[in-house]
Amino acid sequence: MALSFPLNNAPYGLLAIAAALNAPTNALTLHPVLPEQSSVTTLIPQGTSKPAKISGNVAIARFLVRTFSSADNALYTESDVSLVTAQDNLLDIVRQTIFTPKHITTLATAANTASTSFLLSEDKPLLADYAVWGTITAYTKSHSLLANLKDLEKFMAWIARMDQRQECQAAIRILDGAVKQANDTLAAEADAAAAEKAKLSSVVEVPHIEGSDPETDPLDAFKNVLAAQLSKLMDVDIKILYEALEAPRASENGHIALSVPRLRLKGNPSAVAADIVEKFQLNDYVTLAKADGPFVNFFLNHIKLGQSLFTKIYNTKEQWGCNSLGQQKKVVVEFSSPNIAKPFHAGHLRSTIIGSFVRNILQANGYDTLSMNYLGDWGKQYGLLAIGFERYGAEEKLLEDPIKHLFDVYVRINQDAKEDETVHDEARAYFKKMEDGDKAALKIWSRFRDLSIVKYKDIYARLNIAFDVYSGESQVTDGMERALKMLHAKNLLTESDGALIVDLTKYKLGICVVQKKDGTTLYITRDIGAALERYETYGFEHMYYIVASQQDLHLKQLFKILELLGFDWAKKVTHLNFGMVGGMSTRKGTVVFLEDILEETRDAMHEVMKKNEHKYAQIEDPLEVADNIGISAIMIQDASARRVKNYDFDWKRMFSFEGDTGPYLQYAHARLCSIERKTEMEVNPNADLRQLGDSRAAADLITMIARYPQIVRETSRTFEPVNIVGYAMKLSHHVSQALESMYVMGAEKEVAEARLFMYWSARITLGNAMRLLNLKPQERM
């Protein structure tokens, strides 16, 4: 039977049990492994074609008892219920024990309380004795006996008796020999690797390549070195090679991959890949090159990468991942844009989430951004609303919740208008007064607008979103009149039934009405004037409209008219569209006010949190945390879909802490914060990262952290939130994998410092990615 175990946790108890049961000396074959390869002892039994692997010291101990015990050497009996209970209690502590002083103290205290001659028997050791003794012995081999345990007299006497037993001494002798032999082999391999590495060129000049940014992106230095050497080998332009180097699809395939077919070279791609590997000179940046069909996979020196990477993160913190590509050029981002007196519905929420993300990603790429909320605050509907308020308005309700009350009024007056057509005539007349500057009409409208903006700001603050400017259709001044004059001057206007239109049919954009026959303006007219005034005010390098795909035609008409008016900046405006959300109502009905959705999300998340009473008691403000996690759930569900795709709002999936959800991301961040709290260590920027060793988990995590600046740059071209969501999820998964074997608590000081620096860097990176997505990273949950 094959017994595999980590070098820092040899299974002394299991070998002593086997000896006490008179198992054959060759019953167990020992396979020591590095702790980062596996932190759990496993046994593969013999005698079946597909034996099931048994994991954990207690499970293996029970298996050995079932396999080798007899009436003469029974270590565990079920005839004495009290003895079974006492033994199982001790074994449960062993099963839960990890190598930390706190847990070892708990185990030793339990042994001290139970101890007679042995733990549960005056006559001989039982299964629990060997299991507890084995755990304590393994700990003292790597950490020495804790000073506070020496005061436990019964425990110390019991340990001395166990140490003198023949089977225990044999276990120590066999396992210490196996561990020494394994360490000697590892040391020899390390010496050989060091000798091989000494042959490599340790001083490699990092070339400059257009489009790369080694100053802000440490991974670029490695890619540049790779591209330079490949360029010489293959006689291919260095920039082409730099752009062809990408992340492999799976981490086991290395850290950087080159797809030979992408280079369009002559010859068989697989043969070219093999030739590259044969000729490639390893160096201090690249430690291994492997051909895999038409791909060449490169493995990086993750310790060297970590040294430059973690230092960069330590020095930049929340600015980590940002760059200066935008050179502080002015960019305007218009998003959200709800209509006053109408619900803040799902479409506005998508515009808000995506628009704020676009603003954030542009800022991260060095642009001077201006976020604008262009409110729907003008038009005949406001004449309708004013008339409705005269009939159904209540001052108290208006002040309490202006958006909801105005919506209720709007619904009621629309019902009246269905039954009485003259209501529409009154509304048109009222709006005409607004357009003509009637002070009384404008005063009422202005009050509705101002109260609504105050309420909107509260909702946006809850979503962790702010605007630089609250504009709106009503704020367009003479730009609209000037635009109409320019349209006349360029003979772009045609009269049709008293209205003015722009005929765009030859551009396959239909007919565009810019002025009604009563002289009032439309959305498109005000949008033309608004664009003109914005360019004059801000001199933007680019302006983005974050509007649903339902408005594709409207925006295409707008941009074509700007082009026909001869504005050279017309090519600097872009529509970033998005699909629709289905099913975004409360679970009880069809109310579509965002605030109702947020309240229900918070309450549902609060109920989930209360199920874990221990953690719930540690949270200072549970409702605030529940609100933040609930909002994270909404935002990540939205950002997990490609912009242009429609998706259905899914309550059940949204609240899950498993899978790629907002709560999972918050949990991953809080878990990293917990590591820092529990270790009670300061992050050491001078930690010796060589202590991370050759762990693949560490190499994969370091490389994933290093990819962040590139993801930020790439996303400034696509404006897809799903790119950042996907990255944050992958980073969280790599953190989880590393934590399985690379714990901080209980590790030697230098090892703990190196690991803590790595996890701290992962937390900073994850937090920065979450902030791009408008999430507030949780430290506890």
Side-chain angles (χ1 to χ4, degrees), residues 326 329-337 351 354-355 358-359 362 367-379 435 468-469 471-496 499-516 519-578 643-644 717 719:
K329 294 174 183 175
K330 176 67 75 175
V331 174
V332 176
V333 185
E334 178 203 299
F335 61 98
S336 193
S337 306
S351 175
I354 295 170
V358 169
R359 185 264 314 275
L362 286 166
Y367 288 92
D368 177 14
T369 62
L370 182 136
S371 56
M372 177 179 289
N373 197 337
Y374 187 63
L375 299 172
D377 63 355
W378 203 247
E435 287 226 300
D468 298 310
V469 175
S471 182
E473 297 172 68
S474 66
Q475 305 304 296
V476 182
T477 57
D478 68 331
M480 185 167 52
E481 292 301 322
R482 286 189 287 134
L484 282 171
K485 288 178 181 177
M486 291 178 72
L487 287 168
H488 273 294
K490 290 185 176 288
N491 296 317
L492 294 171
L493 291 179
T494 303
E495 188 173 329
S496 176
L500 295 177
I501 67 167
V502 178
D503 187 352
L504 299 174
T505 52
K506 68 178 179 180
Y507 305 107
K508 298 182 180 179
L509 295 175
I511 299 294
C512 182
V513 181
V514 295
Q515 185 174 289
K516 294 181 181 179
T520 56
T521 56
L522 290 95
Y523 290 125
I524 190 72
T525 328
R526 295 187 284 275
D527 282 349
I528 297 166
L532 173 59
E533 291 179 5
R534 289 177 196 176
Y535 187 75
E536 291 174 343
T537 303
Y538 304 115
F540 54 76
E541 176 66 20
H542 214 97
M543 178 163 63
Y544 296 94
Y545 293 81
I546 317 301
V547 184
S549 54
Q550 291 172 318
Q551 298 296 319
D552 281 356
L553 177 60
H554 174 82
L555 272 299
K556 286 177 181 177
Q557 290 177 334
L558 170 63
F559 296 167
K560 177 54 71 174
I561 290 172
L562 294 176
E563 179 189 327
L564 294 173
L565 285 172
F567 295 129
D568 58 359
W569 47 266
K571 60 182 179 293
K572 296 183 177 182
V573 292
T574 299
H575 175 205
L576 294 178
N577 60 1
F578 54 85
R643 272 193 294 108
V644 295
R717 295 191 287 271
F719 297 109

Item checked: Residues that Val469 engages under side chain to side chain contact (heavy atoms under 4.5 Å, CB included), provided they are two or more places apart -> Leu370, Met372, Ser471, Tyr538
Check: Among all residues two or more places apart in sequence or in another chain, which pass the side chain to side chain donor-acceptor pair (under 3.5 Å) test with Thr369?
Finding: Gln363
Margin query: Taking side chain to side chain donor-acceptor pair (under 3.5 Å) as the definition, give me every residue that meets it alongside Asp377, ordered by chain and number, with sequence neighbours left out.
Written below: Arg449, Ser474
Check: Excluding sequence neighbours, so at least two apart, what forms side chain to side chain donor-acceptor pair (under 3.5 Å) with Lys329?
Finding: none
Next item on the list: Work out which heavy atom in Ile528 is nearest to a heavy atom in Ala483; give both atom names and the distance.
Entry: CG2-CB, 3.5 Å
Next item on the list: Go through the structure and list residues passing side chain to side chain contact (heavy atoms under 4.5 Å, CB included) with Leu564, not counting sequence neighbours.
Entry: Leu492, Leu504, Tyr507, Lys560
Next item on the list: Using side chain to side chain donor-acceptor pair (under 3.5 Å) as the criterion, list what pairs up with Glu435, not counting sequence neighbours.
Entry: Trp378, Thr521
Next item on the list: If a pair satisfies side chain to side chain donor-acceptor pair (under 3.5 Å) and one of its residues is in residues 565-574, list it, with sequence neighbours excluded.
Entry: His542-Thr574
Next item on the list: Any salt bridge (charged side-chain N to carboxylate O under 4.0 Å, His left out) involving residues 475-488? Give me the pairs, sequence neighbours left out, ordered by first then second residue.
Entry: Asp478-Arg482, Arg482-Glu536
Next item on the list: Sorted by first residue and then second, give each salt bridge (charged side-chain N to carboxylate O under 4.0 Å, His left out) pair with at least one member in residues 522-532; sequence neighbours left out.
Entry: Glu473-Arg526
Notebook entry, point to check: What pairs with Arg534 under salt bridge (Lys or Arg N to Asp or Glu O under 4.0 Å), at least two apart in sequence or on another chain?
Noted result: Glu334
Check: Mind checking what makes salt bridge (Lys or Arg N to Asp or Glu O under 4.0 Å) contact with Asp552, not counting sequence neighbours?
Finding: none
